[in-house]
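Please read all numbers here as calculations on a predicted model, not as lab measurements. Below, each value reflects all heavy atoms present in this structure, side chains not excepted, and no hydrogens, waters or symmetry copies.
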Protein chains: 2
Amino acid sequence: MKESLSFLTHYLKKEGKKNSGKRNLIINSFLTDDRHYSVEELYQKVKRQNPKISLSTVYRTLKLLANCGLAHERRFDERNIRFEPVHQEEHHDHLVCLKCGRIFEFTNQKIEKLQDEVAKRYKFNVVRHKLEIYGYCPRCQK
Amino acid sequence: MKESLSFLTHYLKKEGKKNSGKRNLIINSFLTDDRHYSVEELYQKVKRQNPKISLSTVYRTLKLLANCGLAHERRFDERNIRFEPVHQEEHHDHLVCLKCGRIFEFTNQKIEKLQDEVAKRYKFNVVRHKLEIYGYCPRCQK
DNA sequence: GTATATGCAAACTGTTTGCTTTGTT
DNA sequence: AACAAAGCAAACAGTTTGCATATAC
């Protein structure tokens with residue numbers, strides 16, 4: 001988080017961009033929560049702190065983070081995009097709760113390896129992969 | 001394919017639905033090609049055989065197939081939905097070529113098993129999962 | 001003062017729906 | 001004749017963009 005912020009500062013300066021209170025608020029909210037926010041969700045949240053923030057600004061800010069590598073755009077089984085804060089560059093996968101919508105991350109080296117084997121069998125040159133497990137989280141199982 | 005068609009016939013009768021040449025054309029085209037069609041792609045194709053077919057009809061037809069279980073809606077890393085013919089009820093995953101867009105299916109029991117283990121560790125009640133490997137297919141590697 | 005950030009409304013893409021007309025039974 | 005299918009245009013959701021204004025430097 002702290003590193004992300006200083007990285008961003010340098011990035012903005014390098015690109016000749018300016019600072020902005022609203023953008024900072026959005027970015028802070030996004031990075032500290034460490035969730036997989038949809039744009040609308042994050043918008044609803046930051047609006048409570050500053051009602052003058054517009055949806056476009058949230059969009060533009062998240063796109064900015066994605067462009068400089070501090071966020072990843074993800075598309076789960078939904079129509080909308082979610083943004084995930086990037087901390088370290090380690091690949092991970094997701095468990096998605098179908099009831100509460102919470103998203104859990106996990107890593108599994110064995111699965112990674114097996115995926116690479118599959119790709120090799122098909123002579124595929126792998127760029128990335130994505131594994132999502134959909135179900136009900138412990139809290140939502142009743 | 002043949003079984004799918006007779007299943008459909010019964011389904012339509014049971015639901016009090018009627019027949020239609022356009023719908024049959026769309027369904028035939030979809031089932032015989034056995035591809036992961038986007039609606040627009042299938043629309044472009046069937047339009048060549050019958051230019052009077054409208055986009056809505058393609059949408060409605062594919063939704064019909066999805067509702068009676070003969071097609072699955074899939075969302076890859078795109079904004080649009082793709083439909084995949086369902087033959088047997090076996091779960092499989094996908095390799096997606098980032099250049100030509102072709103989609104290859106594969107199954108891997110070991111990966112399935114490892115996914116279930118992960119889910120168990122998180123006390124997740126699994127409904128479905130989805131694994132996609134993105135990269136370049138043999139033909140597109142240059 | 002100049003360039004960027006923002007708000008707002010309008011455009012845009014993929015999808016769905018309402019209503020009228022066409023087609024099947 | 002009655003009711004489903006299809007065409008068309010309009011509505012819709014999520015996202016992007018153009019332009020005028022506000023803000024940072």
Notebook entry, point to check: Would you say a side-chain N or O of A:Y59 is under 4.0 Å from OP1 or OP2 of D:dT16?
Noted result: no
Note to self: Tell me the interatomic distance from A:N24, atom CG, to D:dA24, atom P, rounded to whole angstroms.
What the structure shows: 10 Å
Next item on the list: Decide, yes or no, whether a salt bridge links A:K130 with B:D77 under the criterion of side-chain N to carboxylate O below 4.0 Å.
Entry: yes
Checklist line | Closest to side chain of B:T57, choosing from C:dT15, D:dA6, C:dT13 | finding: D:dA6
Notebook entry, point to check: Could you state the NZ-P distance from A:K47 to C:dC8, rounded to the nearest angstrom?
Noted result: 11 Å
Item checked: Spatial distance of atom CD1 (B:I103) from atom NE2 (B:H36) [nearest 0.5 Å] -> 5.0 Å
Margin query: Is the phosphate of D:dA5 approached by B:R23 (side-chain N or O, under 4.0 Å from OP1 or OP2)?
Written below: yes
Notebook entry, point to check: Would you call A:E132 and B:R128 a salt bridge, using N to O less than 4.0 angstrom?
Noted result: no
Item checked: Steps toward side chain to side chain contact (heavy atoms under 4.5 Å, CB included) verdict (A:K22, A:N50) -> CA-CA 8 Å; A:K22 289 176 186 164; A:N50 181 345; 3.9 Å; yes
Check: Please give, in whole Å, the distance from D:dT23 C1' to A:N50 CG?
Finding: 14 Å
Next item on the list: Let me have a per-nucleotide readout for nucleotides 18-25 of chain C, 5' to 3', with B, S or -, counting only protein heavy atoms under 4.0 Å.
Entry: B----BBS
Notebook entry, point to check: Taking CD1 from B:I81 and P from D:dG14, how many angstroms apart are they, rounded to a whole number?
Noted result: 13 Å
Margin query: Let me spell it out: for each of A:L12 and B:K63, pick the nucleotide of DNA chain C with the closest heavy atom. Which residue's pick is nearer the 5' end?
Written below: A:L12
Next item on the list: Could you state the atom-to-atom distance from CG of B:L55 to C1' of C:dT17 in whole Å?
Entry: 13 Å
Next item on the list: Salt-bridge test for B:E73 and B:K63: reply yes if a basic N is under 4.0 Å from a carboxylate O, no otherwise.
Entry: yes
Checklist line | Per A:V39 side chain, nearest of listed nucleotides C:dG14, D:dT15, C:dA5 | finding: D:dT15
Notebook entry, point to check: Taking atom P of C:dA5 as reference, at what distance in whole Å does atom CG of A:N67 sit?
Noted result: 13 Å
Item checked: Separation of C:dT6 P from A:Y43 OH (nearest whole Å) -> 14 Å
Checklist line | Distance in angstrom units between A:L62 CG and C:dT6 C1', rounded | finding: 15 Å
Item checked: side chain to side chain contact (heavy atoms under 4.5 Å, CB included) evaluation trace for A:E41 with A:V58 -> CA-CA 10 Å; A:E41 285 170 356; A:V58 181; over 6 Å; no
Below 3.5 Å, can you tabulate the donor-acceptor pairs from side chains in residues 7-19 of chain B to any protein atom, sequence neighbours excluded?
{"unit_1": "B:T9", "atom_1": "OG1", "unit_2": "B:L5", "atom_2": "O", "d": "2.8"}
{"unit_1": "B:H10", "atom_1": "ND1", "unit_2": "B:S6", "atom_2": "O", "d": "3.1"}

